[in-house]
Amino acid sequence: EDQVTQSPEALRLQEGESSSLNCSYTVSGLRGLFWYRQDPGKGPEFLFTLYSAGEEKEKERLKATLTKKESFLHITAPKPEDSATYLCAVLATRSNDYKLSFGAGTTVTVRA
Amino acid sequence: GAVVSQHPSRVICKSGTSVKIECRSLDFQATTMFWYRQFPKQSLMLMATSNEGSKATYEQGVEKDKFLINHASLTLSTLTVTSAHPEDSSFYICSAGGGYNEQFFGPGTRLTVL
């Protein structure tokens, strides 16, 4: 069974204080790893897709990296508007039905 | 990215009534859509996979007679919560995807059953 574990559960940052979120996964063949941002009371917003170890993607203050066992989401010089819950999900190669397995998320709070 | 809408965004109903939630993909055709529910401070739990023109596939533990799914066109899937009870109160979210690529999520529907 696919497993996705995110840490820490919650992260409090001062504005400008860079940090990283971790997503560890166990899957029988990774087809893709996805990062989403979710604001309270809203649906998840797509951020990144990573397909192979060594791949990196960036968007504004966010950078996602991937190894064979985990992915990191780096937040550089965060601002209060970066406060959200960040979700990680994986899609297995054996999956013919495109179902994602989600982690529990990391809730990030950035104080001004 | 692709745009997915949901309607209504909020609904309050009395116990025993049925509620229909619509999910639309606005700028692409989706042969597959997914329905999730999310309890406070928890992650998304997949309820079912909605397939255009065929029966939905439900996850273990999800009552198919209670959560009716219809995917009548390539842009519309509906979830009907039948005979809703307070324990069905939750945040329901749909998504549509590009196969092995990213899924795009709707804004969610907050259901409150009194």
Side-chain angles (χ1 to χ4, degrees), chain A residues 1-10 21 23 25 27 29-52 55 57 59 64 66 71 84-109, chain B residues 1-10 21 23-26 28 30-52 54-60 62 90-112:
Chain A
E1 184 179 331
D2 303 334
Q3 286 196 328
V4 183
T5 304
Q6 291 189 246
S7 62
E9 185 175 321
L21 285 57
C23 171
Y25 61 90
V27 64
L30 180 71
R31 185 175 291 279
L33 184 141
F34 307 88
W35 282 99
Y36 290 87
R37 167 195 171 123
Q38 186 176 26
D39 293 306
K42 297 188 177 181
E45 174 189 345
F46 170 72
L47 293 175
F48 304 109
T49 306
L50 301 167
Y51 292 105
S52 57
E55 191 174 359
K57 290 204 176 161
K59 179 182 179 181
L66 181 65
S71 176
T85 295
Y86 291 86
L87 299 169
C88 170
V90 299
L91 179 66
T93 53
R94 58 166 172 70
S95 175
N96 295 320
D97 49 17
Y98 316 126
K99 292 194 294 187
L100 297 178
S101 297
F102 276 89
T106 295
T107 299
V108 175
T109 304
Chain B
V3 180
V4 177
S5 70
Q6 277 184 247
H7 178 80
S9 58
R10 291 178 177 270
I21 303 170
C23 176
R24 293 182 185 273
S25 57
L26 298 183
F28 69 103
T31 55
T32 302
M33 292 184 175
F34 301 89
W35 286 96
Y36 297 82
R37 66 189 297 182
Q38 186 176 35
F39 291 105
K41 298 191 183 300
Q42 293 187 25
S43 193
L44 283 74
M45 295 295 294
L46 180 65
M47 298 175 64
T49 302
S50 173
N51 304 296
E52 189 268 335
S54 63
K55 292 183 179 180
T57 304
Y58 291 82
E59 294 300 296
Q60 192 172 8
V62 177
S90 189
F91 191 52
Y92 292 86
I93 312 173
C94 71
S95 74
Y100 297 125
N101 299 312
E102 53 273 6
Q103 291 180 20
F104 295 95
F105 288 82
T109 296
R110 173 73 60 192
L111 171 63
T112 303

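This structure is a prediction, so every number in the text was calculated from the model and none was measured. Just so it is clear, the values below take in all heavy atoms, side chains as well, and ignore hydrogens, waters and symmetry mates. Order of the sequence lines fixes the chain letters, A, B, ..., with proteins taken first and strands second; residue numbering starts at 1 for each chain.
- Atoms CG and CD, on L47(A) and E102(B) in that order, are 11.0 Å from each other to the nearest 0.5 Å.
- Nearest approach of F34(B) to Y98(A), heavy atoms of both residues: CZ-O, 3.5 Å.
- Under the rule for a side-chain hydrogen bond (donor to acceptor under 3.5 Å, both in side chains), N51(B) has no partner lying at least two apart in sequence or in another chain.
- Residues Q38(A) and I93(B) meet the side-chain proximity criterion, which asks for heavy atoms closer than 4.5 Å.
- Residues F34(A) and N101(B) share a closest heavy-atom pair of CE2-C, 3.7 Å.
- At most 12 non-hydrogen atoms from other residues, nucleotides or ligands lie less than 6.0 angstrom from NZ of K55(B).
- Under the side-chain hydrogen bond (donor to acceptor under 3.5 Å, both in side chains) criterion, Y36(B) pairs with Q103(B), sequence neighbours left out.
- Only the side chain of Y51(A) comes within contact range of chain B, with at least one heavy atom under 4.5 Å from a heavy atom of that chain.
- Ranked by heavy-atom pairs under 4.5 Å with chain B, the first of S101(A), G32(A), G41(A) is G41(A).
- For Q3(A), the CD atom counts as loosely surrounded, since its 6.0 Å shell holds 12 or fewer non-hydrogen atoms of other residues, nucleotides or ligands.
- One N or O on the side chain of S43(B) and one on the backbone of G103(A) form a donor-acceptor pair closer than 3.5 Å.
- With chain B as partner, the option from D39(A), L87(A), L100(A), T107(A) having the largest number of non-hydrogen pairs under 4.5 angstrom is L100(A).
- In this structure, chain A has a heavy atom under 4.5 Å from the side chain of Q38(B), while its backbone stays farther away.
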